[in-house]
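Structure, as structure tokens:
We count ligands from 1, going down the list as the structure has it; atoms in each ligand are counted the same way.
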Amino acid sequence: MEIIIQPTAEAATKIAARLMARTIREKPAAVLGLATGGTMEPLYRELVAMKLDWSKLTTFNLDEYIGISPMHPQSYHSFMCEKLFSKVNINIGNVHIPDGLAKDVPAACAHYEEKISAAGGIDLQLLGIGTDGHIGFNEPTSSLASRTRIKTLTPQTRKDNARYFERAGEVPFHVITMGIGTILESRHCALLAFGKNKARAMAEAVEGPITSMNPASALQLHPKVTVFLDEEAAVELKMKDYYRWVFEQKPDWQKV
Ligand code: GLP
């Protein structure tokens, strides 16, 4: 894993945006795995401001709530349209988000996996992290080999995400999420985590044992992961000085 620690979330987001922009410029028909959540909003603003060509890109979102319509203001469909897709020249036919209203959820999940494979797999997968270490909506004890499927949110995640809903009780109990096995198949993962409430989950994910109790720790098995942190999210990392040193000593050809 490459751990990039920056003084602020803004500085880390700018570097993450440059990494994405480079992928898009180098491979105009790349397949991007996209994420939602407050962490992604400034990143999408940066990307929009870069005026990149999205016309040939294909995207797959990590997850979606079950039981709320795509038009619901808190659906991940709405989030993506509002924050990104309405502001770039993406071909909406190339956009894929799990269907939270699917009648046959297992069939819809299997179909989602097929579409990722048919697109040639994901080149760059964006990830945030939950306070309990979830990636996508793979809650603790998710199989590290899991594929796209239904999951039940923990009370903590429902509480964390309640801030976006009018009433806490409105947060759905169920979601569709790409599995950890699905995420691990992407060619490059970029995880962003900011703020002190992510510090424990990040320390466990980066320096703890690989365990389904912290699903993000499975990324230790992936050959190409870039982690973007601000100081607060990095505070519990034992080797943070080393990660800074690595970043400062990077050969020019490795710089983003
Ligand atoms: C949700 C999403 C995750 C995201 C997490 C963190 O649970 N399913 O993909 O990483 O929220 O969100 P935030 O960035 O708002 O802290």
Side-chain angles (χ1 to χ4, degrees), residues 8-10 12-13 16-17 32-47 59-68 70 72-80 82-84 96-100 109 112 122 124-142 146 148-165 168 170-180 182-184 186 189-202 204-206 214-219 225-230 232-234:
T8 62
E10 291 71 35
T13 298
L32 302 179
L34 299 179
T36 51
T39 309
M40 298 299 145
E41 292 186 34
L43 177 68
Y44 293 151
R45 276 200 295 275
E46 280 287 327
L47 286 171
T59 66
F60 287 90
N61 264 77
L62 280 168
D63 46 15
E64 178 58 288
Y65 292 110
I66 287 182
I68 60 175
H72 188 288
Q74 300 317 329
S75 75
Y76 286 167
H77 275 79
S78 295
F79 177 100
M80 290 309 301
E82 187 189 325
K83 314 289 180 205
L84 184 65
H96 306 277
I97 304 177
D99 177 4
C109 293
Y112 203 67
I122 292 170
L124 178 62
Q125 176 65 59
L126 274 179
L127 297 166
I129 189 168
T131 55
D132 60 4
H134 72 239
I135 48 176
F137 266 136
N138 293 282
E139 295 284 33
T141 74
S142 287
S146 50
T148 303
R149 70 212 182 291
I150 185 172
K151 283 297 287 180
T152 307
L153 298 180
T154 61
Q156 181 62 48
T157 299
R158 289 190 71 241
K159 205 165 137 204
D160 288 346
N161 289 3
R163 66 189 192 279
Y164 295 112
F165 289 79
E170 264 185 66
V171 183
F173 286 89
H174 296 113
V175 295
I176 291 176
T177 181
M178 275 187 208
I180 297 174
T182 321
I183 293 168
L184 291 180
S186 52
C189 293
L191 188 153
L192 285 71
F194 306 131
K196 59 181 185 305
N197 66 337
K198 302 290 174 73
R200 171 61 52 85
M202 283 314 302
E204 288 172 356
V206 173
N214 179 311
S217 67
L219 295 171
V225 176
T226 312
V227 174
F228 298 88
L229 303 174
D230 64 356
E232 287 187 345

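In this structure, Tyr164 counts as a contact residue of ligand 1, since one of its heavy atoms falls inside 4.0 Å of the ligand. At least one heavy atom of Arg163 sits under 4.0 Å from some atom of ligand 1. At least one heavy atom of Lys198 sits closer than 4.0 Å to an atom of ligand 1. The shortest separation from a heavy atom of Tyr76 to ligand 1 is under 4.0 Å, placing the residue in contact. The closest approach between any non-hydrogen atom of Gly136 and ligand 1 is below 4.0 Å.
Within the 3.5 Å criterion, the main-chain N or O of Gly179 finds no donor-acceptor partner in the side chain of Ser146. No donor-acceptor pair under 3.5 Å is formed between the side chain of Asp63 and the backbone N or O of Pro98. A donor-acceptor contact shorter than 3.5 Å links the side chain of Ser78 to the backbone of Pro70. Listed for the Thr154 side chain is a donor-acceptor partner under 3.5 Å among the backbone atoms of Thr157. Listed for the Glu64 side chain is no donor-acceptor partner under 3.5 Å among the backbone atoms of Gly100. Side chain of Tyr164 to backbone of Gly38: a donor-acceptor contact under 3.5 angstrom is found. No donor-acceptor distance shorter than 3.5 angstrom exists from the side chain of Lys151 to the backbone of Glu139, with no hydrogens or angles considered. Judged purely by atom type and a 3.5 angstrom limit, Glu204 has no side-chain atom pairing as donor or acceptor with the backbone of Asn214. A donor-acceptor distance shorter than 3.5 angstrom exists from the side chain of Tyr112 to the backbone of His96, with no hydrogens or angles considered.
What sits closest to atom 6 (C) of ligand 1 on the protein, heavy atoms only, is Ile129 O, 3.4 Å. Of all protein heavy atoms, the one closest to atom 4 (C) of ligand 1 is Thr36 O, 3.9 Å. Nearest protein heavy-atom contact of atom 12 (O) of ligand 1 is Gly37 CA, 3.9 Å. Closest to atom 8 (N) of ligand 1, if we only count protein heavy atoms, is Asp63 OD2, 2.8 Å.
Near Gly128, the atoms of ligand 1 lying under 4.0 angstrom from a non-hydrogen atom of the residue are 10 (O). Numbered from 1 in the order shown, with element, the atoms of ligand 1 that lie under 4.0 Å from a heavy atom of Asn161 read 1 (C), 7 (O).
Looking at Asp160 against ligand 1, nothing comes within 4.0 Å, counting heavy atoms. Residue Thr39 touches ligand 1 through backbone and side chain together, judged by heavy-atom distances below 4.0 Å.
Ring geometry for Tyr65 against Phe137 counts as tilted: the plane angle lies between 30° and 60°, on a 0 to 90° scale.
When the options Glu139, Met178, Arg158, His134 are ranked by their closest heavy atom to atom 5 (C) of ligand 1, first place goes to His134.
Not a single N or O atom of Leu62, backbone or side chain, sits closer than 3.5 Å to an N or O atom of ligand 1.
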